[in-house]
Amino acid sequence: MNGIINLLVNGLATGMLIFLLASGLTLIFGLMSVLNFAHGGLFAWGAYGGVWLYAATGSFFVAILGAVVIGMLLGLVLERLVIRPVYGNHIQQILVTLGAMLVLSELLKVVFGPNPLKADVPPLLNGSWEVEGVILIKYRLFIICIGAIVFAGLLFVLKRTKIGLIVRAGVMNPEMVQALGIPIRRVFTLVFMAGAGLAALGGALLAPYSGVIFAEMGMQFAILAFIVVVIGGMGSIQGSAFAALLVGLSGAFMAYYVPELSLAANMLLMVIVLLIKPSGLFGAKG
Amino acid sequence: MTLLQVRGIETHIGQYHILQGVTFEVVPGEITVLLGRNGAGKTTTLRSIMGLNPVSKGEISFQGERVEALPTHRISRQGIGYVPEDQGIFPDLTVGETMRIAMRLNDDHTKARLEWVLELFPDLHKFWGRKSGLLSGGQKQMLAISRAYVNDNRLLLIDEPSKGLAPIMVEKLMLAIEQMKAKTTVLLVEQNFMMASRIGHRYYLMDEGRIVSEGMMAELQQDEATRRKYLGIA
Ligand SMILES: Nc1ncnc2c1ncn2[C@@H]1O[C@H](COP(=O)(O)OP(=O)(O)O)[C@@H](O)[C@H]1O
Ligand SMILES: [Mg+2]
């Protein structure tokens, strides 16, 4: 029983990390129909930025916040220079964002050196609690909380605020949205920055969780994030959250019970879901 | 006192010189009609006023302020509502969501305008929760007009609202536009001369990117030669 609870917490924590990464991706795709393959690069920059800022300032809070800011600034540059000319063209988006991904990874090596870096859990979140014989690792619970907060916040913004509607309308007819008095370019830039900030947040939180970071980590996690976005249904935040937790949990349990299969599990999950429902679990369009 | 003054605007689209010096004005409280056959430059004129096709020459003043160099969203915020020729519907948004985006303020005044327009177009009220893309052509036009009207705009630019609609629907829309005249000013592009002449006060007739005739609507009704020459109708 205790083992199962542990697996559950591990799985949820991993799932939440994947969700943070995937949510930015699904936001950018779902709202603006932009396929952003540079997302993993932003994730890696968030991880490096967080580790560097934590070492420099000694404050984990500053490190996380700073990582998000770095992600948003990179998002701003990316949107202005790379994405803006290719709105509406998926093929070009894939090409230019893949290019941007490589540039981001290489730049990491230039700035932080080619070797992997060690990442520490801050003292306050280090260690674990023991409740009725169950060991709860504090940092994992922390990740689960942050993930839940981000999920709730995103849903609120998209469903309850006007900005979600504006962005959706802007995707359908940007000229008309401008003619209604809304500076749609600026809104798009903000959405892109928000998505990039979420990716960086995921990276910054992942670093202490995995203990070590390296420049190519972005690619590795980006694939996971894409799997999650596809399983959940492109553009659905609930779908991404559900799929991320599914992937996190199945990963944890598979690694424990059938380790031979655990690597293939995510792909298998994706294939099964896509066979049954090609638009993904929460996807609207078939 | 004129509300909108357009002076010698020239607009290029790509390498084409579409508007070649267009001058006219809109007087508040009136319905000014822009006439002219297909391809005359009526839509481009409205788009130039909105900043969607920026002018390369000339001046546009709205309420005494120059607007031709402003970005579209700023022009809109000066108090100009725009109903494009293709209606510019957001197909995946419901009628209600569309109106929510359109309403810049959520004050009593704007709410009252919303109520007024929903009384004018009960269909919109009925289909409040329906996706705009699923509305009929006439309902889409009603939505587009309401979306432009709901803010306290001083001027509405309406591009061929009768296009592709059944005569009954055209009649309904024209009556609605006439009612709006009491609360705002309208610059109407219309090919349907019968309708235009019924509700319009002043007309400007365009051909090949220029204004070729202007005056009171009543005058054009008498002037068969001009109508025949530029509109192909007697
Ligand atoms: N995007 C465009 N590219 C090239 N030519 C255009 C474009 N839009 C309009 N035109 C041309 O400009 C002229 C005026 O068009 P338009 O303003 O739509 O006329 P109207 O609304 O009076 O029918 C037409 O000859 C049309 O072919
Ligand atoms: Mg036209």
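To find a chain, count down the sequence lines: A is the first, B the second, and so on, and within it residues start at 1. None of these values were measured; they are calculated from a predicted model.
With contacts defined as side-chain heavy-atom distances shorter than 4.5 Å, the pair L180(A)/Y82(B) does not qualify.
Taking both residues in full, the closest heavy atoms of M176(A) and G88(B) are given as CG-O, 3.3 Å, listed atom of the first, atom of the second, then distance. Summarising the geometry of S76(B) relative to A179(A), their closest heavy-atom pair is OG-O, 3.0 Å, with the distance given to 0.1 Å. Listed here is the closest heavy atom pair of M172(A) and D92(B): SD-N, 3.4 Å.
Contacts between residues 50-75 of chain B and chain A, defined by a heavy-atom separation under 4.5 Å, are made by M50(B), L52(B), T72(B), H73(B). Of all residues spanning residues 97-122 of chain B, those with a heavy atom less than 4.5 Å away from chain A's heavy atoms are E97(B), R100(B), I101(B), A102(B), M103(B), R104(B), arranged by number.
Heavy atoms of other residues, nucleotides or ligands lying less than 6.0 angstrom from CZ of F242(A) number 12 at most. Annotation for L275(A): atom CG counts as buried by contact number, over 12 foreign heavy atoms lying within 6.0 Å. Within a 6.0 Å radius of NZ in K181(B), other residues, nucleotides and ligands contribute more than 12 heavy atoms. In this structure, H201(B) places its NE2 atom where more than 12 heavy-atom neighbours from other residues, nucleotides or ligands lie under 6.0 Å away.
Only the side chain of R186(A) has a heavy atom closer than 4.5 Å to any heavy atom of chain B.
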